[in-house]
Structure formats: structure tokens, C-alpha cells
Number of protein chains: 2
Amino acid sequence: MGLTKSEIFTDEQNQLSTLLKAIAHPARIAILQRIIISNTCICGDLVGELGLAQATISQHLKELKTAGIIQGTIEGVSVCYCINPKTWKLLEDQLGAFLGSYKGELSCC
Amino acid sequence: MGLTKSEIFTDEQNQLSTLLKAIAHPARIAILQRIIISNTCICGDLVGELGLAQATISQHLKELKTAGIIQGTIEGVSVCYCINPKTWKLLEDQLGAFLGSYKGELSCC
DNA sequence: ATTTTATATCGCAATATTACGATATCGTAT
DNA sequence: ATACGATATCGTAATATTGCGATATAAAAT
């Protein structure tokens with residue numbers, strides 16, 4: 001096996017888990033934080049600042065892009081990556097609904 | 001390789017990614033939703049309701065427990081799992097800070 | 001045209017995850 | 001004591017992820 005049985009879950013559950021999986025890695029969290037802080041992120045910067053090889057960072061960027069969390073536009077020689085506002089909002093909404101559905105008060109154990 | 005280089009990231013980045021990874025699976029999202037709705041969750045119910053084998057669900061429960069997201073107390077024959085309020089709040093806070101750090105307005109591309 | 005610079009892709013090895021049958025454990029009822 | 005029901009653990013196969021060196025691509029500078 002090793003294959004997630006997506007067909008037995010709802011679209012919402014699958015979508016949320018896909019988005020979460022995309023950001024559930026310290027390198028990708030670090031990358032997103034950099035993109036957010038310096039509003040003009042370039043991959044090369046990341047290679048210098050994080051301790052990962054260029055190929056590895058490029059791969060993480062690709063995963064974030066595939067999940068729709070970031071978008072990249074070619075900026076001459078380099079590529080400018082930034083947050084995709086739509087997906088970011090979707091993530092905030094879905095996750096807010098999910099996390100917010102638990103009201104800590106009456107716990108059974 | 002295949003081993004995440006945790007040592008080059010901050011504790012916060014590692015902690016958040018660990019929590020996210022724990023909930024980044026549709027089955028575990030489904031399990032958490034059930035636990036939240038029926039405030040007295042029992043593993044056996046899940047086996048009937050989700051389409052996964054008992055061993056698989058037990059394993060997912062263990063992962064959620066290891067991450068500290070749920071806690072289980074033995075309730076006679078069965079086990080009562082519920083949300084761990086502390087971790088849930090931690091996740092909400094950390095994630096809120098992370099997601100909230102992006103202000104959609106001025107995007108560069 | 002050639003070199004340089006920035007990023008992407010390929011291919012691979014190491015490790016992790018997912019799923020499940022089989023079996024173990026353990027409290028409860030008989 | 002034995003059998004039963006609920007959950008956990010073990011072992012294993014299939015697949016996914018992580019990381020990186022090597023190489024490809026492509027725009028800009030020389």
C-alpha cells in the first residue's frame with residue numbers, strides 16, 4: 001500500500017489535507033516566511049540564507065507552486081515568487097473553520 | 001537522504017511543521033472532526049464509519065496522540081479519545097501568527 | 001558567439017508514510 | 001478458567017518524500 005485512499009473522504013477533507021501537506025515542512029515554512037517578509041523573493045536569496053542546496057529549494061518551491069500557494073513570474077534572469085492570495089485565503093478560511101469547530105470547554109476526558 | 005534537516009530551522013518552524021504534518025491527512029482530519037462532533041469518541045465507531053481497517057485507524061490515532069493533538073483515556077473496554085486543548089490552542093496560535101503575517105494587499109507579481 | 005548567472009529538471013539513495021492482515025493484549029462477561 | 005470484544009502492535013508491501021549532484025535551459029552580459 002502506501003497510497004492514501006482519497007476516494008473515501010470528502011473533497012473538503014482532501015483539499016485541506018493537500019494544502020496542509022504543502023506547508024507541513026520546516027523548509028517550506030521558512031521559504032514562505034521569507035517571501036512574506038521581503039515582498040520580492042528570489043530563489044537565489046533562499047539558497048544563500050537557508051542551508052539547503054539549490055536543487056532542493058527549487059523542488060520545495062515547485063511543491064508550493066503545485067499546491068497553488070505561491071506563484072512565480074519570470075523577472076529577467078531570476079524568478080519572482082510571491083504568495084497566491086486566493087489560495088492563502090482559502091487556507092485561512094478552511095483551516096479557521098476546522099480549528100474553530102472545537103470549543104475547548106467541555107472535554108470528556 | 002529522505003531525512004529532513006531539522007537542525008537548520010528554528011524550533012518554531014520545526015514545531016509548527018510537526019503539528020501540521022500530523023493533521024495533513026484526510027483520514028486524520030476526518031477523525032478529528034468526528035472527535036469534535038461527538039464529544040465522546042471511541043475508536044470502534046470510526047472503524048465502522050470511515051472506510052479504513054481497524055489497524056490503520058489505530059495507527060492514525062497513535063500519530064495524533066504522539067503529536068499531542070489528542071489524548072486517550074481507557075474507558076472500560078474501549079478507549080475514549082478527545083482533543084488536547086493545550087496543543088489545539090498552540091496550533092491555533094502558531095498557525096494564526098503564520099497565516100496572519102501575510103497581508104494580501106501589496107503583492108509584487 | 002561565448003560566457004555567465006539563475007533556475008529547473010533528472011536520477012538516485014535514504015528515509016518516511018500509508019494501509020492492512022495477523023497477532024497480541026487486556027478488561028469484562030460467562 | 002474461558003471466551004469475547006475492543007484496541008494496540010508487528011511485520012510487510014507499496015508508494016511518497018527529502019535531499020543533492022549532475023546536467024539542462026535560458027536570458028543577459030561580454
Side-chain angles (χ1 to χ4, degrees), chain A residues 1-9 13-14 17-31 34-35 40-67 70-82 109, chain B residues 1-9 13-14 17-31 34-35 40-67 70-82 109:
Chain A
M1 311 288 140
L3 178 58
T4 299
K5 288 180 140 188
S6 326
E7 67 279 8
I8 65 173
F9 304 106
Q13 288 165 341
N14 284 316
S17 73
T18 300
L19 288 175
L20 287 173
K21 209 162 73 173
I23 63 170
H25 190 287
R28 294 196 288 271
I29 291 177
I31 288 172
R34 302 263 176 177
I35 292 182
T40 312
C41 163
I42 288 158
C43 179
D45 299 0
L46 295 167
V47 178
E49 294 170 25
L50 306 183
L52 291 172
Q54 184 266 324
T56 308
I57 288 180
S58 187
Q59 191 178 284
H60 282 305
L61 285 167
K62 190 185 175 186
E63 277 172 70
L64 288 169
K65 203 173 165 187
T66 302
I70 61 172
Q71 56 199 173
T73 45
I74 294 160
E75 193 86 12
V77 191
S78 45
V79 177
C80 172
Y81 279 110
C82 62
C109 43
Chain B
M1 308 289 141
L3 177 58
T4 299
K5 287 180 140 191
S6 325
E7 68 277 8
I8 66 172
F9 303 107
Q13 288 165 341
N14 285 316
S17 73
T18 300
L19 288 175
L20 287 173
K21 209 161 72 173
I23 63 171
H25 190 286
R28 293 196 289 272
I29 291 177
I31 288 173
R34 301 263 176 176
I35 293 183
T40 312
C41 162
I42 288 156
C43 179
D45 298 1
L46 295 167
V47 178
E49 295 171 25
L50 306 184
L52 290 172
Q54 183 266 324
T56 307
I57 289 180
S58 187
Q59 191 179 284
H60 281 305
L61 286 167
K62 191 185 174 186
E63 276 172 70
L64 288 169
K65 205 174 165 188
T66 302
I70 62 173
Q71 56 199 174
T73 45
I74 294 161
E75 194 87 11
V77 190
S78 45
V79 177
C80 172
Y81 280 109
C82 62
C109 42

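Everything numeric here is computed off the predicted structure, so don't read it as measured data.
- Considering only side-chain N and O atoms, A:K21 lies under 4.0 angstrom from the phosphate OP1 or OP2 of D:dT17.
- Rounded to an integer number of Å, the gap from A:I57 CD1 to D:dG21 P is 12 Å.
- Here the C1' atom of nucleotide C:dT18 and the CG atom of A:N14 are 14 Å apart, to the nearest Å.
- At whole-Å resolution of the value, NE2 in B:H25 and P in D:dT17 are 11 Å apart.
- Between A:H60 and A:L46 the shortest side-chain heavy-atom distance does not fall below 4.5 Å.
- Between A:E75 atom CD and D:dA26 atom P the separation is 19 Å, expressed in whole Å.
- A distance of 9.0 Å separates CD in A:E7 from CG in A:N14, rounded to the nearest 0.5 Å.
- Neither OP1 nor OP2 of D:dC20 sits under 4.0 Å from any side-chain N or O of A:H60.
- Residue pairs that meet the salt bridge (charged side-chain N to carboxylate O under 4.0 Å, His left out) test with at least one member in residues 51-65 of chain A, sequence neighbours left out, are A:R28-A:E63.
- The CG atom of A:L46 sits 14 Å away from the P atom of D:dG19 (whole-angstrom rounding).
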N/O to N/O distances under 3.5 Å, protein versus nucleotides 4-9 of chain D:
| residue | atom | partner | partner atom | Å |
| --- | --- | --- | --- | --- |
| D:dT7 | OP1 | B:V79 | N | 3.3 |
| D:dT7 | OP2 | B:G44 | N | 2.7 |
| D:dA8 | OP1 | B:Y81 | OH | 2.4 |
| D:dA8 | OP2 | B:S58 | OG | 3.0 |
| D:dA8 | N7 | B:Q54 | NE2 | 2.9 |
| D:dA8 | N6 | B:Q54 | OE1 | 2.9 |

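- As judged by a 4.0 angstrom heavy-atom cut-off over every strand, B:L52 is placed among residues touching the sugar-phosphate backbone only.
- Under the 4.5 Å side-chain criterion, counting only non-hydrogen atoms from C-beta, A:E75 is not in contact with A:I42.
- Atom CG in A:L64 sits 7.0 Å away from atom CD1 in A:I35 (nearest 0.5 Å).
- Residues A:A53 and A:I74 each lie close to DNA chain D; by heavy-atom proximity, the contact nearer the 5' end of the strand is made by A:A53.
- In the helix from C:dA1-D:dT30 to C:dT30-D:dA1, the rotation axis of the first five pairs and that of the last five pairs differ in direction by 10°, rounded to 10 degrees.
- Between A:K5 atom NZ and D:dA14 atom P there is a gap of 16 Å when expressed in whole angstrom units.
- Between the CG atom of B:L20 and the P atom of C:dT17 there is a distance of 14 Å, given to the nearest Å.
- Ring-plane geometry between A:F9 and B:H25 is classed as perpendicular, the angle between the planes exceeding 60 degrees on a 0 to 90 degree scale with a lower cut at 30.
- Residues A:A24 and B:L20 come closest through the heavy atom pair CB-CB, 3.6 Å.
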